[in-house]
Peer 1: 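Once you've had a glance at the structure underneath, I'll fire off some questions.
Starting from 1, each residue takes its place in the sequence as its number.
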Amino acid sequence: MTDCVIAEDEQLLRDELVQLLAAAWPELRIVAACDDGAGALEAIARYLPQVAFLDIRMPGLSGLEVAGALAEVSPATQVVFVTAYDQYAIDAFERGALDYLLKPVAPARLAATVRRVRARLASGVADAGALAALLRQLGQAAPPAPRAEPLVWLTASAGADTRLIMVEDVAYFQADSKYTVVMTAQGEALLRKPIRELLEVLDPAVFRQIHRSTIVNVKAIASVARDDSGRGVLRLRTRPETLAVSQPFMALFRAM
């Protein structure tokens, strides 16, 4: 069996890709079908799959950022990018050695991609060099993805009170069921918004995931160190507690 991780934030497209792969590659075992990049990175670190299908644009970590961490997390994983129509990205893929799929995924194109990936797996040829070159090219010259203006302030509950909090004052966000805990120097408050939705409105240059359930303000970081297990331990400027950085996310910290 060949193990595979899928990352696609739109459920209908994710389910469709799972079904198409079942028909095109019956021996493929999908060990995780993730709805964001953070989940995909952790799944890849856990399962070390031979193949990963990564949507390029997702809330939080993009497919490109996940792929960039694979050199340390799972260097043997073959990557197939899934993208909406983006001529710049397609030109880059066509000049490289990596496979990509356009949305909506066409069965004939998927079948051709499966044949190429299976051939590379059978030959034992890794595409780490081609992947690194593609990521450099896209990172240096690709136009930025359109985004809404980053969130500036938010309202959160602290007991019976409602607090107005400037986003720049937040040390970190942490998932709590369907809600999110907001931590500042003054204490904690509860935001009635899941952490996944926050990723869509926070400034990605300032707020980064260190775990699937934790987003930290990089300006609030005092230091980060690695423990014996490979996980990071992060100290904050305005909070006494330390935060754990899961091992796969340490690769992203070195790229910052």
Side-chain angles (χ1 to χ4, degrees), residues 1-9 13-58 61-84 86 88-139 142 247-252 255:
M1 295 289 288
T2 300
D3 288 346
C4 170
V5 166
I6 292 173
E8 165 59 63
D9 65 314
L13 295 178
R14 185 170 65 251
D15 292 345
E16 181 183 40
L17 182 56
V18 168
Q19 294 173 1
L20 289 172
L21 280 169
W25 196 345
E27 301 81 14
L28 190 70
R29 179 171 58 190
I30 299 174
V31 294
C34 308
D35 61 5
D36 59 21
L41 183 57
E42 292 189 340
I44 291 170
R46 176 181 178 184
Y47 295 108
L48 304 179
Q50 290 93 336
V51 187
F53 288 80
L54 303 176
D55 186 11
I56 287 184
R57 292 179 178 173
M58 295 180 286
L61 296 182
S62 69
L64 298 177
E65 289 174 305
V66 174
L70 294 189
E72 293 188 37
V73 174
S74 183
T77 298
Q78 299 276 343
V79 176
V80 177
F81 288 110
V82 184
T83 179
D86 183 327
Y88 177 85
I90 291 171
D91 289 345
F93 292 140
E94 294 288 5
R95 289 193 295 270
L98 294 175
D99 281 290
Y100 71 93
L101 297 169
L102 283 178
K103 301 179 188 179
V105 176
R109 174 73 188 196
L110 178 60
T113 295
V114 166
R115 287 195 296 270
R116 287 193 293 268
V117 172
R118 295 183 72 167
R120 288 201 300 271
L121 290 174
S123 66
V125 174
D127 54 10
L131 177 59
L134 174 65
L135 293 176
R136 283 195 300 271
Q137 182 178 351
L138 289 172
Q247 188 274 334
F249 286 81
M250 286 298 291
L252 299 175

Peer 1: Among Val5, Val18, Leu101, which residue meets the side-chain contact (heavy atoms from CB on, under 4.5 Å) test with Phe53?
Peer 2: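 Passing option: Leu101.
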Peer 1: Calculate, to the nearest 0.5 Å, the distance between atoms CG and CG belonging to Leu102 and Leu110 respectively.
Peer 2: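 Going from the CG atom of Leu102 to the CG atom of Leu110 covers 12.0 Å.
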Peer 1: Which heavy-atom pair separates Leu54 from Ile44 by the least distance, and what is that distance?
Peer 2: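 The answer is CD2-CD1, 4.5 Å.
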Peer 1: Please lay out, stage by stage, how Leu64 and Ile56 fare under the test side-chain contact (heavy atoms from CB on, under 4.5 Å).
Peer 2: CA-CA 6 Å; Leu64 298 177; Ile56 287 184; 4.1 Å; yes
Peer 1: Specify the closest pair of heavy atoms between Cys34 and Ala43, including all atoms of both residues, with the distance to one decimal.
Peer 2: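 Residues Cys34 and Ala43, closest heavy atoms: SG-CB, 4.1 Å.
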Peer 1: Can you name the nearest heavy-atom pair linking Val114 to Ala24, along with the distance?
Peer 2: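 Looks like CG1-O, 4.0 Å.
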Peer 1: Can you find a pair of side-chain heavy atoms, one from Thr113 and one from Arg116, that are under 4.5 Å apart?
Peer 2: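 Yes, their side chains come closer than 4.5 Å.
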Peer 1: Show the numbers, then the answer: is there a side-chain contact (heavy atoms from CB on, under 4.5 Å) between Lys103 and Asp55?
Peer 2: CA-CA 10 Å; Lys103 301 179 188 179; Asp55 186 11; 3.1 Å; yes
Peer 1: Taking the side chain as every heavy atom from C-beta outward, state whether Leu13 and Val82 have any pair of such atoms under 4.5 Å apart.
Peer 2: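 Side chain of Leu13 against side chain of Val82, heavy atoms only: no contact under 4.5 Å found.
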Peer 1: Could you give the distance from CG (Asp9) to CZ (Arg57), rounded to the nearest 0.5 Å?
Peer 2: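 Those atoms lie 11.5 Å apart.
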Peer 1: If I take atom CZ from residue Arg29 and atom CD from residue Gln50, how far apart are they, to the nearest 0.5 angstrom?
Peer 2: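 So the CZ of Arg29 and the CD of Gln50 are separated by 8.5 Å.
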Peer 1: For Phe81 and Gly63, work out which heavy atoms get closest and say how close.
Peer 2: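 Shortest heavy-atom contact: CE2-O, 3.7 Å.
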Peer 1: For Arg14 versus Glu8, what's the shortest heavy-atom pair and its separation?
Peer 2: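 Distance-wise, the nearest heavy atoms are NH1-O, 2.6 Å.
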Peer 1: For side-chain contact (heavy atoms from CB on, under 4.5 Å), just list the numbers for Leu28 and Thr2, CA-CA rounded to whole Å, side-chain angles, deciding distance to a tenth of an Å, and then say yes or no.
Peer 2: CA-CA 5 Å; Leu28 190 70; Thr2 300; 3.8 Å; yes
Peer 1: Check Arg118 against Trp25 and note the closest heavy-atom contact, atom names and distance.
Peer 2: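 Distance-wise, the nearest heavy atoms are CG-CZ2, 3.4 Å.
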Peer 1: Under 3.5 Å, is there a donor-acceptor pair between the side chain of Glu65 and the main chain of Ser62?
Peer 2: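 Checking the backbone N and O of Ser62 against the side chain of Glu65, a donor-acceptor pair under 3.5 Å is found.
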Peer 1: Is it true that a side-chain atom of Gln78 and a backbone atom of Val51 form a donor plus acceptor pair closer than 3.5 Å?
Peer 2: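 Not at all, since once roles are kept as given, no pair shorter than 3.5 Å links the two residues.
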Peer 1: Just do the side-chain contact (heavy atoms from CB on, under 4.5 Å) check on Leu61 and Phe249 with the steps written out, would you?
Peer 2: CA-CA 10 Å; Leu61 296 182; Phe249 286 81; 3.4 Å; yes
